[in-house]
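I have placed the structure first, in the form of structure tokens, so that the comments after it can refer back to it.
Numbering of ligands and ligand atoms starts at 1, following listing order. Basis for what follows: all heavy atoms, side chains included, without hydrogens, waters or symmetry-related copies. Count residues from 1 along the sequence.
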Amino acid sequence: MVAPGAQTRNRTTMHQPPDALLAPRFTGPRTFARLPNLRDLAGAEVAVFGIPWDGGASFRPGARFGPEAVRSASGCIRTYNPVQKVQVFGSLSCIDHGDAPTAPGYIEETLARIASFVEPIAQAGVIPVGIGGDHSATLGELRALAAVHGPLGLVHIDSHTDLWDRYNGLPFAHGTMFRRAIEEGVVDPSRFIQAGMHGTLYGEDDDLIPGQLGVEMVPWSELETLSPAGFAERVRARIGDGPTFLTFDIDFVDAAFAPGTGTPEIGGPTSREAISYVRALRGIPFVGYDCMEVSPPYDGPGQVTAVLAANVVFEFLSLIALQRR
Ligand code: MN
Ligand code: MN
């Protein structure tokens with residue numbers, strides 16, 4: 001019995017969406033891009049999964065429904081990326097691996113459960129691609145990937161540094177997890193670059209935090225003067241050849257284009273500009289990816305934030321397809 005969407009080619013399993021010219025894109029269960037929903041990793045090169053979690057949110061909740069909304073919006077995604085000139089589905093074997101387990105109200109337990117969910121994916125040589133969920137969940141992914149690959153480089157695109165020490169006097173939240181990742185040794189600050197920071201802060205000292213932790217921070221005011229290629233050059237120089245994770249917080253994008261998020265900021269990039277920075281990262285063999293902070297209850301008409309996030313994830317898959325073909 002071959003799972004729906006699994007097609008046999010050259011005697012190896014090729015997991016891909018059903019042909020949209022035979023089965024309309026609004027049909028079938030809402031998996032990411034209509035991929036087969038499989039817990040078995042056999043034959044997969046990429047496992048897309050949801051992280052339904054908002055227990056780390058400091059302002060608006062709702063990101064627990066992010067994976068569901070992004071999956072719904074992703075039905076419109078086709079198979080070929082004409083900007084990157086790469087066939088994604090049909091070339092790269094992809095599955096929707098379901099959702100990481102979470103426990104509402106229990107952030108430390110949830111981080112452990114996310115790590116336990118992601119580690120076997122990485123052990124199997126499959127690339128994990130997470131859909132959040134508030135950004136605190138990324139710490140679980142980083143722990144799992146560091147357990148397999150060793151300390152990671154990190155490319156972090158966001159309006160916020162997420163390097164604060166405490167929220168409400170406590171160590172785990174969606175504004176603190178990258179400081180924890182450095183303290184735990186799962187991220188190497190010398191291979192950590194973050195870009196896009198804008199919005200209000202708690203004081204002028206906040207701008208000094210990345211430097212104090214040995215992290216390279218490129219604020220939006222500087223990033224907007226760089227071409228996407230110039231940004232990619234900065235990234236390559238920072239991360240070198242070691243294992244690296246790419247994390248994209250949807251609140252990097254101007255709230256006019258991404259209102260459905262936990263801590264919206266204004267004055268940032270358009271969706272077109274934002275995606276060009278992701279596309280520029282071609283050729284880097286990231287060991288994992290995530291797109292975080294989609295909060296559907298605050299999304300606008302047309303689910304613009306979820307549509308954007310679905311396309312960001314498709315750009316991740318395009319980068320993987322370019323890397324592997
Ligand atoms: Mn953010
Ligand atoms: Mn963030």
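Centroid-to-centroid, the aromatic rings of H97 and F117 come within less than 6.0 Å. Two rings, from F178 and H135, have their centers less than 6.0 Å apart.
Within the 3.5 Å criterion, the main-chain N or O of G242 finds a donor-acceptor partner in the side chain of R191.
For H174, every N, O or S atom stays at 2.8 Å or more from the Mn ion (ligand 1).
Nearest N/O/S atom of D158 relative to the Mn ion (ligand 1): this is OD1. Within H135, ND1 is the N, O or S atom that lies nearest to the Mn ion (ligand 2). Atom OD2 is the N, O or S atom of D162 at the shortest distance from the Mn ion (ligand 2). The atom of H160 that is an N, O or S and sits closest to the Mn ion (ligand 1) is ND1.
The Mn ion (ligand 1) is the vertex of the angle joining OD2 of D249 and OD1 of D251, which measures 100° to the nearest 10°.
Cation-pi check for R60 over Y298 is met; the charged atom lies under 6.0 angstrom from the ring centroid and within 45 degrees of its normal.
Ion pairing of R143 with E184 is present here, as a side-chain N (NZ or NE/NH1/NH2) and a carboxylate O approach within less than 4.0 Å.
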